[in-house]
Structure formats: C-alpha cells, structure tokens
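Worksheet: one structure, shown below.
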Amino acid sequence: MSLKEDHGSKKGPHHTDLYVSIPETCLPIVYHPDYNITFMGLEKLHPFDAGKWGKVINFLKEGKFLHDGNIVEAREATEEDLLVVHSKRYLNRLKWSVVVASITEIPPLLFLPNPLVQRKVLRPLRTQTGGTIMAGKLAVDRGWAINVGGGFHHCSSDKGGGFCAYADITLAIKFLFERVEGISRATIIDLDAHQGNGHERDFVDDRRVFIMDMYNRNIYPGDRYAKRAIKRKVELDWGTEDSEYLQKVELHAEGALNEVRPDIIVYNAGTDILDGDPLGGLSISPQGIVQRDEIVFRAAKRRGIPILMVTSGGYQKRTAQIIADSIFNLRQQGLIGADAEGEGPSSVETYGSGCSASTSTRV
C-alpha cells in the first residue's frame with residue numbers, strides 16, 4: 001500500500017515520525033515501556049490498572065510469542081501529530097492540572113505542577129496514542145496489528161473524559177485517510193463495555209466511517225448526541241452473559257461488515273466486559289473474551305480486511321492475562337502471526353534488524 005503524495009500547490013500532510021518503516025522480522029505488535037503510569041502511587045487511586053500494558057507484554061514473552069527484538073517500539077505523538085484532530089485550544093487546556101485531574105479521574109493531580117503531570121501522566125497517554133497511529137499503518141501493510149495500549153474512545157477532538165485524554169482512534173483513521181492510498185473507508189467495531197462517544201462525536205457527520213458499538217446501556221457516558229453516529233447500535237443490560245453476548249457479537253460484526261466493506265477495521269477490544277469489573281456491569285467470562293476477539297478477527301480475515309486492535313478499558317488485575325491469552329489464541333487459530341500477515345512489505349524501504357523506531361526510516 002503506497003503512501004499518498006502531495007500534488008500541486010495544496011499543502012500536504014505534516015512531517016511525522018509515526019509512519020516509520022518496520023523490518024519484516026518484527027511482529028506488528030506495538031508497545032513501549034512508557035505506556036505504564038507509575039507516579040508515587042497516585043495511579044492506584046483510579047480503578048484502572050495503570051501498569052496492565054507491561055504485564056500483557058511480560059505474559060507474551062513468557063509464552064515465547066514475543067521477545068525484545070520483535071516488538072515494534074511505539075513513539076510519542078507530537079503536538080503536530082495531535083493537531084491532525086485536536087484543536088490547539090484543547091491541547092492548551094491540558095496544560096492545566098485541574099483539567100487533567102478531571103479527565104483521568106485522579107483528583108490529587110490538580111495539586112501537582114503541570115510539567116510533572118505532563119511527564120508522568122500525559123506522556124504515557126501520548127505514547128500510546130502514537131502507538132495506535134503506528135499500528136494503523138502496520139495493519140494496512142501486514143493485514144493485522146495490535147497496539148497493546150490505546151483505545152481512548154471517550155476523547156473527541158475538543159473534549160476528554162473517562163481516563164481518555166487523546167482521541168487515538170480518530171487520529172489513526174484520519175492519518176490513514178490523509179496519507180495512505182486506497183484507504184478511504186473505515187469501520188469501528190467498539191466492544192468496550194462503555195459507549196465510544198469520543199470517536200462517535202468526531203465522525204458523526206463523516207460517511208466514510210461506519211460505527212458498530214455494543215455496550216452496557218446503563219453506564220457512563222450515555223451520550224445521546226454521539227449515538228447519532230452509530231450505524232449498528234447494540235445496547236446490553238446489566239449482567240449480560242456469554243451466550244447472549246457472543247451471539248450478538250457474531251451477528252452484528254458480520255452484519256456490519258456485510259453492510260459496508262471498509263478498507264480498515266479498528267477494533268476497540270475493551271476487557272471491562274469481564275464478570276466482576278467494577279465499572280462495566282456485564283458478566284462475560286475470560287473464555288468469552290477470548291472467543292469474542294476470535295470472532296472479530298475471523299470476520300476480518302474471511303474478507304481480507306486489515307484489522308487494528310487496541311486494548312481500551314479493563315479494570316481488574318486479571319485482565320492483562322486475559323488479553324495475553326486472547327493473543328495466544330489468535331495466533332493458534334492462524335489469525336495473527338507471520339502466516340497471517342498481508343501480501344507485501346511496508347511501502348517504505350526497511351533498514352536495520354531491530355524493531356525500535358530509531359532504526360526506521362521516517363516519512
């Protein structure tokens with residue numbers, strides 16, 4: 001898949017370090033240790049496990065699927081990258097600790113100097129956002145990609161919330177639309193327990209983006225305006241269990257992809273549907289989550305549509321193991337791994353043998 005070129009006098013996309021060339025020896029799984037938030041224990045004041053991303057990687061390494069030499073290292077999204085979607089006004093508001101405290105739902109942050117908040121809280125979220133953008137390009141090149149972080153689906157271009165400070169899903173799609181030839185339609189399959197009101201607000205009037213959203217109807221955010229963007233809305237009740245849930249996932253994922261054939265699928269694979277999650281309110285078993293992910297990847301593979309997965313919400317300590325188990329299952333089923341990759345290499349020539357972005361060519 002070739003990169004779009006700038007023709008004529010019209011200003012082209014800005015220079016970015018996120019669309020880098022990646023050696024074919026690297027798996028399209030994106031991560032950086034900076035994803036994890038550790039800050040004097042303040043992260044423990046939020047139910048989110050702010051170190052779950054590193055735990056997922058450790059489980060994948062223990063299972064001999066990954067090692068340090070084949071993980072794609074994420075880069076932090078710069079302000080110029082973020083301005084593809086976000087307003088300057090919104091990014092400036094993040095320079096106020098009280099705003100970040102509200103978005104992340106960690107009240108003590110409002111008492112801390114903003115440079116510290118930027119470094120310890122927002123930089124990890126910017127790095128995960130860069131990882132989602134990078135994984136979008138990798139998915140097109142390889143047929144699939146997983147950002148072990150990301151999925152900040154409550155953030156829109158001008159408003160954050162629900163621990164989501166940057167609109168990584170919107171950014172990944174807009175980067176692809178602007179920069180990659182042949183990518184002009186996207187489908188978002190959002191299976192986090194919460195309504196994905198951020199990307200919905202961003203794409204409410206964009207006919208290029210088809211949104212399927214399946215969520216607990218009774219919980220945050222209940223954004224009626226954003227629901228206008230949902231083309232396939234599946235509202236669940238408290239305590240929905242595996243049988244009903246998986247039946248609906250298969251029915252509606254297949255239906256969404258039959259209704260409109262996209263050039264890319266963005267799959268928001270939240271694990272807050274897990275039984276016992278303090279915020280999700282659903283009752284899905286660990287094996288149910290593994291089966292859910294397999295259903296979505298199989299639907300994409302059957303149609304030959306590239307798929308980008310982000311991990312989104314999940315508020316129990318055991319979710320990291322479940323995410324890793326799901327990735328192991330996807331490999332076992334032949335839905336990811338070297339044999340599941342796309343036809344060709346990256347559209348930009350690759351150099352070096354490592355997966356660190358520092359060894360890659362910038363575009």
Side-chain angles (χ1 to χ4, degrees), residues 46-48 102-103 105 150-156 159-164 167-170 186-206 209-260 265-293 295-296 299 309-316 319 322-323 326:
H46 192 283
F48 198 98
S102 174
I103 289 171
E105 300 171 357
F152 304 132
H153 67 156
H154 297 309
C155 186
S156 63
K159 186 178 181 181
F163 200 73
C164 303
D168 67 318
I169 291 173
T170 306
T187 289
I188 299 170
I189 297 178
D190 194 334
L191 300 185
D192 186 274
H194 300 81
Q195 177 199 353
N197 62 319
H199 58 74
E200 288 161 9
R201 282 179 168 264
D202 287 335
F203 292 121
V204 69
D205 294 317
D206 194 332
V209 180
F210 185 102
I211 297 174
M212 169 190 160
D213 199 351
M214 183 163 151
Y215 55 88
N216 184 339
R217 72 171 80 225
N218 303 294
I219 60 175
Y220 176 90
D223 189 333
R224 286 193 289 179
Y225 174 81
K227 289 179 183 181
R228 295 174 49 217
I230 305 173
K231 303 298 193 298
R232 252 183 200 260
K233 179 173 63 177
V234 188
E235 295 189 324
L236 304 172
D237 290 314
W238 293 110
T240 299
E241 297 181 348
D242 284 16
S243 179
E244 177 187 351
Y245 182 84
L246 293 172
Q247 187 177 37
K248 287 183 174 179
V249 169
E250 184 152 26
L251 173 67
H252 291 285
E254 292 284 344
L257 296 175
N258 287 340
E259 191 167 339
V260 175
I265 297 166
V266 179
Y267 172 37
N268 198 46
T271 46
D272 52 0
I273 64 171
L274 181 64
D275 185 29
D277 189 278
L279 300 180
L282 302 177
S283 299
I284 309 306
S285 70
Q287 187 55 37
I289 292 174
V290 171
Q291 289 180 252
R292 174 199 69 172
D293 294 350
I295 288 168
V296 176
M309 171 176 157
V310 290
T311 57
S312 201
Y315 305 93
Q316 299 183 72
T319 59
I322 295 167
I323 293 168
S326 178

Checklist entry - Donor-acceptor pair, Arg292 side chain versus Ile284 backbone, under 3.5 Å? => result no

Checklist entry - Hey, is the main chain of Gly313 close enough, under 3.5 Å, to the side chain of Asp192 for a donor-acceptor pair? => result yes

Next on the checklist: Among Tyr215, Phe163, Tyr220, exactly one meets ring pair (Phe, Tyr, Trp, His ring centres under 6.0 Å) together with His154. Which residue is that?
Outcome noted: Tyr220

Item to check | salt bridge (Lys or Arg N to Asp or Glu O under 4.0 Å) contacts in which one or both residues fall within residues 266-278, not counting sequence neighbours | outcome: none

Checklist entry - Tell me, which pairs form a salt bridge (Lys or Arg N to Asp or Glu O under 4.0 Å) where one or both residues lie in residues 195-204, sequence neighbours left out? => result Arg201-Asp223

What are the two closest heavy atoms between [X] and [Y], and how far apart are they?
X	Y	value
Ala193	Ile219	O-CD1, 3.6 Å
Ile189	Ala253	CD1-CB, 4.4 Å
Gln195	Ala226	NE2-CB, 3.6 Å
Ser326	Asp293	OG-OD2, 2.6 Å
Val310	Gly150	CB-C, 4.0 Å
Cys155	Gly160	SG-CA, 3.9 Å

[atom1]-[atom2] distance between [X] and [Y], expressed to the nearest 0.5 angstrom:
X	Y	atom1	atom2	result
His194	Leu282	NE2	CG	9.0 Å
Thr271	Gln316	OG1	CD	8.5 Å
Ile188	Ile265	CD1	CD1	11.5 Å
Cys164	Lys159	SG	NZ	12.5 Å
Tyr267	Ile169	OH	CD1	12.0 Å
Asn218	Trp238	CG	CH2	5.5 Å

Heavy atoms from other residues, nucleotides or ligands near [atom1] of [X] exceed 12 (cutoff 6.0 Å):
X	atom1	result
Gln247	CD	no
Glu235	CD	yes
Lys227	NZ	yes

Checklist entry - Is there a side-chain contact (heavy atoms from CB on, under 4.5 Å) between Lys248 and Leu236 once you walk through the steps? => result CA-CA 10 Å; Lys248 287 183 174 179; Leu236 304 172; 4.0 Å; yes

Checklist entry - Which is it for Ile273 and Leu191 under the side-chain contact (heavy atoms from CB on, under 4.5 Å) test, yes or no, and what are the steps along the way? => result CA-CA 8 Å; Ile273 64 171; Leu191 300 185; over 6 Å; no

Checklist entry - Do Lys233 and Asp213 sit within salt-bridge range, that is, some charged N less than 4.0 Å from a carboxylate O? => result no

Checklist entry - Going by atom types alone, do His199 and Asp190 pair a side-chain donor with an acceptor below 3.5 Å? => result yes

Checklist entry - Please walk me through it: do Lys231 and Val260 pass side-chain contact (heavy atoms from CB on, under 4.5 Å)? => result CA-CA 10 Å; Lys231 303 298 193 298; Val260 175; over 6 Å; no

